Structures are given as C-alpha cells and as structure tokens.
Amino acid sequence: MRYHRYLLPLVAAVAWPAALGAAEPPDPAKLAALIDGRLSSEWQKAGVKPAPVIDDAAFLRRSTLDLSGRIPTAAEVREFLADTSPDKRAKLATRLIDSGGHTRHMATFWRRTWVPQADTAEFARLADDFESWVAARVQENAPYDRIVRELLTLPESAGNRRGAVTPVGFYAASESKPENLAANATRSFLGVNLDCAQCHNHPFARWTRDQFWQTAAFFAPPTKDKSGKAVPPELMIPNTKKSLAPELLDGAEVKWPEALASDTGRKLLADWLTAKDNPYFARNAVNRLWAHIYGTALVEPLDDLSGDSGNTGYHAELLKELADAFATSGFDLKYITRALVLTKAYQLSALTREDAPADPRLFARMPIRGLTGEQLYDSLRTAAGLPPERADTGRGLGLEGRKRFAAQFRVERPVTAERSITQALSMMNGRLTTDLTDLTKNPTLGGVASAPFLDTRGKVETLFLAAIGREPTAKESKTMIDFVEGSTESERERALGDVFWALVNSTEFNTNH
Amino acid sequence: MFSLRVPRSALRAGPSRRDCLRLSALGAIGASQSGWLQALAADATATPKKHKSVILLWMNGGPATIDMWDLKPGHDNGGPFKEIDTAAPGVKFSEHMPNLAKRAKELAIVRSMATREGDHARARLVGLTGYTPQGAIQFPALGSLVAHEFDDPRADLPGFVSVGGRTGDIGGGFLGPRFAPLVVGGDRGFGAPATELKVPDLERPAGVTTEVHTKRLDLLSGLEKDFAPGKGHPVAETMKAATDRAVRLMRPEAAAAFRLEDEKAAVREAYGRGTFAQGCLLARRLVERGVSFVEVTLDGWDTHNNNFERVKTLSGTLDTAFAALLADLKDRGLLDSTLVVCQGEFGRTPKVNGQTGRDHWPTSWAAVLAGAGIKGGQVVGKTSADGTAVESEPTRTPDLIATVVKAIGLDPMKQNMSNVSRPIRLADPVAKPIKELL
C-alpha cells in the first residue's frame, strides 16, 4: 500500500491535461493554471523574470477593453476599487464575458476575422447583418463548430429573405466564387493560407495549385452526367485544360452520398473542416482568441498555421493543448475565453520599465496595444458619460458616425497598431473631440463642472477616473488643479474641457495596456 | 548643390523666440517642464537638411505601357495609337503624350522591366518596397526607407507624404510608424470624385485660440512624459510620435506647404485641375520644403476593358501634369536634386482581349525616370516585335529600386535592422543599378 501512496499523485499529475476534458463542466481555472505552468517554464528556460502584476484599476481597464470593447465608467472604477473580495478579478471576468458588450465586441472580432472584406468600402454594406448574426450566436453561446457549420452550409435562399439575419455576408464578400470561398474559408477557419496557391504552387508552404482548386471545387454545384444524374462537380483551373474534383487538404476520402443536392459539396467540406480531429480547426480559433487577448498569437503568423511554426514553433505544443481542451469542451467559446483571462500571465504589466522581457513570444509582459476604431469610439463616449451607441444584437441603425470613425481609426492588428499624423490631427481637432470638450454635449464634463459637492481636486479626479480609469498621481493632480484654479472664473468650465481634451489625447487613453 | 529658393522664414523649424516669449508672458507656457512649443523653440535655428528627393508618380492598376512608352505600330498587338517623334532623336512615344515628348531629353525610358508578380496587391508591395514578401519581415515602402535615411527629427514636415490616396498597407514596416506616409487626399475609391488635397483637421476648431491650444498641449505633454518610457513599446511610440508631428504640422509655417491656393492661377492651370495634377504641384511644394519622398497616385489603369479610351484619357492627365512638374522643377532649380519616377505595378498584355482591354502583364513593361542627374533622352532595353518579351537589358524591380537609391546619393547596400533581427539592405542584394542611367 505504501507503494500506492507515492504512485497516485504521480499518476494524477501525468494524467492532468487529459483529465481536463473528462471534468464536467470544464473548469477554466484549471486550464488557466496549465497555461501559467507552461509559460513559467519557458521563462525559466529563457532566464527571464516576468513583469509585475498590475493593480486593480489597470486590470479593470484592460479586461473591460478586451472583453467588452470599451473602457470602464468612472462609477465602475470606483466600485471595483472599493470591492475587497479576494476573487474580484475572476468575478469581473465572468461578468464581462456574460455582458451584452462582450456579445457585440466579439461579433465585431469574428466578423473581422471571417469577413475582413467588410472593412473595405466595396463590401462595407455586409458588416451590419453579418455582425448581427454572429452576435445572436455569441449571445446564446452557440458552440463554435456549430456557428462555423451553419455559416458554411447556409441555405442558398437565406440571403434573399428581407430582414433575415443570416451569415450570407461570408458568401457575398467572396462574390460566391468557389476560388474566393476556398481561400477565405481555409484562412478564416483553419489558419491555412492557400491564397497564393491559386495561381501557382505556394512558394513558402506545401500547398499546391491542384489542392487550391480541389478545395474550391467543394463550393461548386454538382454537374449532370450523360444520363442526367447529378455527379460531384469538377472545376477547371483557369487558362489550363486541367479539371479537378473536390479533394480534402489532408487527403481523407470524400464520401459522396447517392443523391446530390446543390450544397452537398459545401456540407461535406464543413463536416471535415469542423470535425474534432481536424488538426487546424480548433487551433486556429484558439490562436486567434489568444491574439485577441494577449496581442501576439501563440503561433505566428496568424494566417498560416500550416507553416513551419505551426507544428514546431515556440508554443505549438501549448496551442495544441488549448485546442484539445476547446474541442473537448464542445467548442465552448466562453469557457476558453474565461480560461485565457484567468491566468496570471494576463495580469502582467505592460508598463514595466525593465527592458528584459520584451520578446513578445515569451508573454512575460503584456504588450501595449492600440485601441481598435470601435474601441476608441465607444471609449470616448464612455469617458464622456454617454451610453454606448449600439444595440447588442439588433441591426446597426443610426450608427453611421461610429462606422465612419471606426473606419478612420481602423487598425490591422492592435499589437502593431500605427497612428498616423492624420489620425492624431483628427483626435486633436476633429469634430468628435471638439464636441466632447463642450460641457453641453459631454455629460461627464457637464456634471463635474456643476457639481457643488466637488472641489477642484474632486473634479480633476473624476475626469481622470472617467477617461483613463485611475486616480491622478500627486504631481498630475497638482498640475491640473493649478491649471484650473489659475483660470479666471469665467474660464473655469472651459479649463475642465481642456483637461478632458488632454486626457483623451494621451497615449494612455488611446492604448490598451 | 541643392539650394532652397523659398525664404528662410518659411522654413523655420520652430516658432520664433519672440512668439515663445509672448506666449510665456501670457502664462501659456508658464512653469511647464516639457511643453511641446518650448521643445520646438529650442530648434528655431535649425536649418533643413540638404538632400535629394524623390517624387514617385504611381500609376495604380498597371498602366498599358505598350500604349504609352513602347508602341508596336503595325503589329496586331499594337492598338490604334500612333507614335510621335520626341525631342530626343530616335525616341518615340504615344501621340497622347505630346507635352512629355517635348521634354523627352529629360526622360529615360526603361522599356525592359521584367517582373514576376501579376497580382495587384503583391506586385504593388514588390514595386513599392523592392522586395518579394518573405514570411514575417515587414518591408518598409521605399518612401519610408528614403525618409529614414534623410531623417531630420526637427523638420516640420514628415519625410514621406503620399498624395491622392493609397492603400494603407505599405508603410513604415520595420522602420516603424514614424516613417509611414502622411496621406493627403483621402480615399482613392474607384470612380469616386476627386478628393480635395487637404490635410484633414489640420486647423484648430473654432474657438480654440493659440493660447488655449498651447495650454492644452502643455497639459498633454505632462501626461505623456511618464507613460511607457521603457524600451520596446512600439505602439506607444507611434502614438506619441504621431501627436508630436501633428502638433508641428499645425504650426502656420508648416501648414502653409499644403496651401495650393498660394500658387498663381497660371501655375495651377499648367498642371491641370484634377487631383493627380494638383497632387503633382503639391509634390513640388513639399520637395521644395525638404520632404524627401512624395508619392502621387493616379488610379484607374486596370484596363481589362475599353483599354484604349481609358488609356488615352489617363495619358492626357499624366502628360499635362508630369510635363508641368518637370518644367516647374527645372525653373526652380530643383530638377537636379529631385528624381521623378513614373511607374505602375506592372504592364498589360500586349494581346488585346475580347473586351478591347488588356490584362495583367508583368513580363515586359516600362518605367520612366527623370531628374537628379539621370541621363535623359534615352531608351534602355528593348522588347520583342510583339511586345511580349524583353530582348535586352532585362530589369527587375530591385534593379530599379537600386537605381533610384543610387541616384539620390544613397548606398543601395546599406543595411537596416529588420523586425526579425536580420539586417536588410535598402535594395535587394541581387539588384544591379541601371548603369546607362547613372
């Protein structure tokens, strides 16, 4: 028996990752611990000390931006800072992930991943309907594989019904062309970049032109043979005499049913693509979510998991473990998101002065990220005490201002966000900022200016909490108070507007850190 | 040697000391430790760096150079345009470029561009960076490379300006956002009306006086000082740098560069009235003020159908503006120090398609260079009688880039450290500068 006493813990430790899936329901905290374990062993190997853990105010701001797409309100900051419960960060993560803001924010995130074309003028009209559809799925926490399956196997008539909320935008953005759909579907759902193989064998990866067109052929309707019977389609490679039937990228056999419908090919591709044992499907989703939360993906480049780094890269193994947990959970998006933000790694400072842990692949400190156009717009409104201009699931009506702003401040990826001079000028002199320095249009400012119970110190503090989610330092407080009180009586209110102007133009406001 | 012919006062790199003292007396700067305007005032005596500049006329979409610079009269592929003689003996252009024909002694036509990328996005990337995409390396645009080499942190104007819209995907790359272009002229939608060539939001909002503006900047600089000061925060750096440059650009001396209305009406007319034409005029004004790289886009060359009508119109636009630009640069003594390059991402199929159009053709096409000591009045390279193949002096994109780099006095083999910690040369090491031109 003594023998067993030593053996048991060992068995438990070895079996731990596998046991993650067996537990019901899956525990995100356990998965978070696994992530922390893997990352800290990488830090040890590299001889790197992780950045310090951030304070509550910084955690609230970061997680609210990441999970709800906006900064916290002054009231939310005060409430969170006053909360003394030890698990308040975990509770906050849960509350944010269940919020309507999360639904809308993730709808934009997935739409941008799957239909990036809708960020261009040509296809911008597709964004609203598509995001509404994703939002509805996210809100009900539909399993990720079902969402993708539904998107790919959408009935052809779905797009024709007026007012129907459908993912038809995915097809529309590809102009329903098999070759465009093949490239978009493999990139979006598998992290496999086939694009270049359309015209020639891919120069950097292993995909061939034949494989590209074999994948595209799944999106073509069946053809009729001599006897009039529907048979699997073939696609001709343009400018060649070569005609190819649908084949799966991994060479698995395609089992065509006896009777073929117009969408049989799409359904067969969707079956293979969303299967639990597809090596790319779950990894791609987790890798993109990781990049959303941590700035850099576990395996880069995001669009090509089939490259060398996909299987052997820095964190290829961790990605696989996370993907397995995700698949085993029944592709539960909220579970995996919760796990990613419950880690210690998620709480590491971005603003550490030490230069050592700068290699982004180590995740030993959080990178400073630029706000997306949508985050910036919603955060400006939040800072001004205005309600977010959006419904959680409905169609975007009257949101033209938000859309225009988001397009102007669009960033390709937050972790490599660039700010142009043009954008900086817009933040300083543009219509939106100008409106927000006006007491009559900015409830925060109006309220602060007219609050009889607040002295100048209190007014300045409230503006700091509303805009950058923290209290001013002693030095900042003094500068701002001196400035406001140094103004003449008639200029006091305008001076508060100037403080607000400076706050929203600061790098601190414009970044997630 | 390059000499600037604008008054020194218009080129000051900061507000005058008197302005500063005045603002200070108003309490606008007060006891601040780090105000922007103070920092600018310290540079008030700085002179702009003297260097050569590049104006890239980017023919977006892939111009049918077979209908412009390398006609094939008498051949089935030749199309309906006639060839005309030019001021350079033996050099012939399309009849739709009469003004450039008169200036042909300044132009060098490279008729032997032979490249590989036939996809717009990839070919544009290769054309604008000189490199074929490779994994994770973020190649900077040539404009960013040049702006980086001639960088003057005290300059009011950014080193790289892109006029007439551009796809935002090729910027500072591994050199960082500081060297990304200032984009003037808004979107470049297909068929969209000409956008005004203004820097949006350059002016302060109504009611914001100089004094208020100064106070705001002072508060802001206090907030910026302690935020993310450590190394390796590229996103924070880009935010700060953009604000810094925006503040400087707002100063009247700098903003004046964009005031095309300051030009005489006759000068504006000479260039033509469209966005591209006025963009060329703006390019001259910017180069004059020390901007090292200006890109001006003329879109619409993707002529898969109705090629000849469209190329005729586009050639007319190009002809008037390009010729006026050369004349203007010459008159102002700037042509010796300014290289003008005219090219697209590739050419178009010599064979005319069923829609009277021409399709993408990287195999044989033409690029044109002038100024900065380039030997004009000559043609480099030769294509076959049907226009489908290069028969001599094949020139690839890296060769052209290396030629540009060398012409403005830089070493194409100079290295910069890239984002993947691998040094990358200004031009691909395989490049051979076109010796006939230099």
Side-chain angles (χ1 to χ4, degrees), chain A residues 121-122 196 198-199 203-204 300-301 307 350-355 358 360 367-370 410 412 414-431 433-434 437 468 473 475-476 479-480 482-483 486-487 494-495 498-499 501-503 505-511 513, chain B residues 27 30-32 118-119 122 132 134-136 138 158 168-169 171-172 176-177 180-184 187 189-190 192 199-206 208 212 215-220 222-224 226-236 238-247 249-250:
Chain A
E122 197 181 356
C196 301
Q198 180 169 351
C199 306
F204 317 121
E300 295 272 359
L351 302 177
T352 173
R353 279 159 197 265
E354 293 185 22
D355 297 341
I368 296 179
R369 290 166 282 163
R410 190 173 91 82
E412 195 71 30
V415 76
T416 52
E418 295 198 351
R419 168 83 31 113
S420 67
I421 298 175
T422 317
Q423 290 167 334
L425 286 170
S426 178
M427 280 300 290
M428 290 195 284
N429 302 327
R431 167 95 179 276
T433 322
T434 304
T437 52
I468 52 179
T473 63
K475 194 173 120 200
E476 285 167 340
T479 307
M480 298 290 172
D482 287 352
F483 167 67
S487 310
R494 133 135 263 159
D498 294 335
V499 172
W501 182 94
L503 285 167
N505 271 288
S506 68
T507 304
E508 190 168 354
F509 179 83
N510 285 275
T511 54
H513 41 79
Chain B
S32 73
D119 167 74
R122 275 177 76 86
T132 306
Q134 287 170 36
Q138 290 156 9
D169 49 1
L182 170 71
V183 181
V184 181
D187 295 329
F190 290 96
V199 182
D201 297 315
L202 187 58
E203 284 164 28
R204 292 194 302 263
V208 177
V212 170
K215 284 179 179 175
R216 285 176 165 189
L217 291 178
D218 199 37
L219 295 178
L220 178 55
L223 289 171
E224 293 293 73
D226 294 327
F227 184 78
K231 278 187 190 161
H233 296 299
V235 172
T238 155
M239 299 277 169
K240 290 179 180 181
T243 307
D244 190 34
R245 300 216 85 161
V247 169
L249 200 58
M250 283 176 69

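Letters go in sequence order (proteins before strands), and every chain restarts at 1. These numbers come from the heavy atoms of this one structure, side chains and all, not from hydrogens, waters or symmetry mates. Please read all numbers here as calculations on a predicted model, not as lab measurements.
- Smallest separation of non-hydrogen atoms from B:V235 and A:T511: CG1-CG2, 4.0 Å.
- If you take CG on B:L220 and CG on A:D498, they are separated by 11.5 Å, rounding to the nearest 0.5 Å.
- Considering every non-hydrogen atom in both B:M250 and A:L425, the closest pair reads CG-CD2, 3.6 Å.
- Although no hydrogens or angles enter the test, the distance criterion places a donor-acceptor pair under 3.5 Å between the side chain of A:N429 and the main chain of B:D201.
- Neither the backbone nor the side chain of A:T433 has a heavy atom closer than 4.5 Å to any heavy atom of chain B.
- One distance of note links CD of B:E224 with CG of A:N505; it measures 8.5 Å at 0.5 Å rounding.
- Once rounded to the nearest 0.5 Å, the distance linking CZ of A:F483 with CG of B:D218 reads 9.0 Å.
- Only the backbone of A:S420 has a heavy atom closer than 4.5 Å to any heavy atom of chain B.
- Proximity to chain B (any heavy atom under 4.5 Å) is restricted, for A:V415, to the backbone atoms N, CA, C and O.
- For chain B, the option among A:E412, A:E476, A:M480 with the highest count of heavy-atom pairs below 4.5 Å is A:M480.
- Inspection of the A:E418 and B:T238 side chains reveals no N or O donor paired with an N or O acceptor under 3.5 Å.
- Nearest heavy-atom pair across B:A246 and A:I421 is CA-CG2, 3.8 Å.
- Heavy atoms of A:R369 lying under 4.5 Å from chain B belong exclusively to its backbone.
- Residues B:T243 and A:M428 have side chains in contact (heavy-atom distance under 4.5 Å, counting atoms from C-beta outward).
- Here the CZ atom belonging to B:R216 is positioned 5.0 Å from the OG1 atom belonging to A:T437, to the nearest 0.5 angstrom.
- Heavy atoms of B:D226 lying under 4.5 Å from chain A belong to its backbone as well as its side chain.
- Within the 4.5 angstrom heavy-atom criterion, only backbone atoms of A:A350 (N, CA, C, O) approach chain B.
- For B:L249, the part lying near chain A is the side chain, with the backbone staying farther off; criterion is any non-hydrogen pair under 4.5 Å.
- In this structure, the side chains of A:R494 and B:V208 come closer than 4.5 Å at one or more pairs of heavy atoms.
- The shortest distance between side-chain heavy atoms of A:T422 and B:P200 falls below 4.5 Å.
- Between A:I368 and B:M239, every side-chain heavy-atom pair lies at or beyond the 4.5 Å cut-off.
- B:R204 is linked by a salt bridge (Lys or Arg N to Asp or Glu O under 4.0 Å) to nothing, counting only residues two or more places apart in sequence or in another chain.
- When all heavy atoms are compared, the tightest approach of B:L219 to A:A502 is CB-CB, 3.7 Å.
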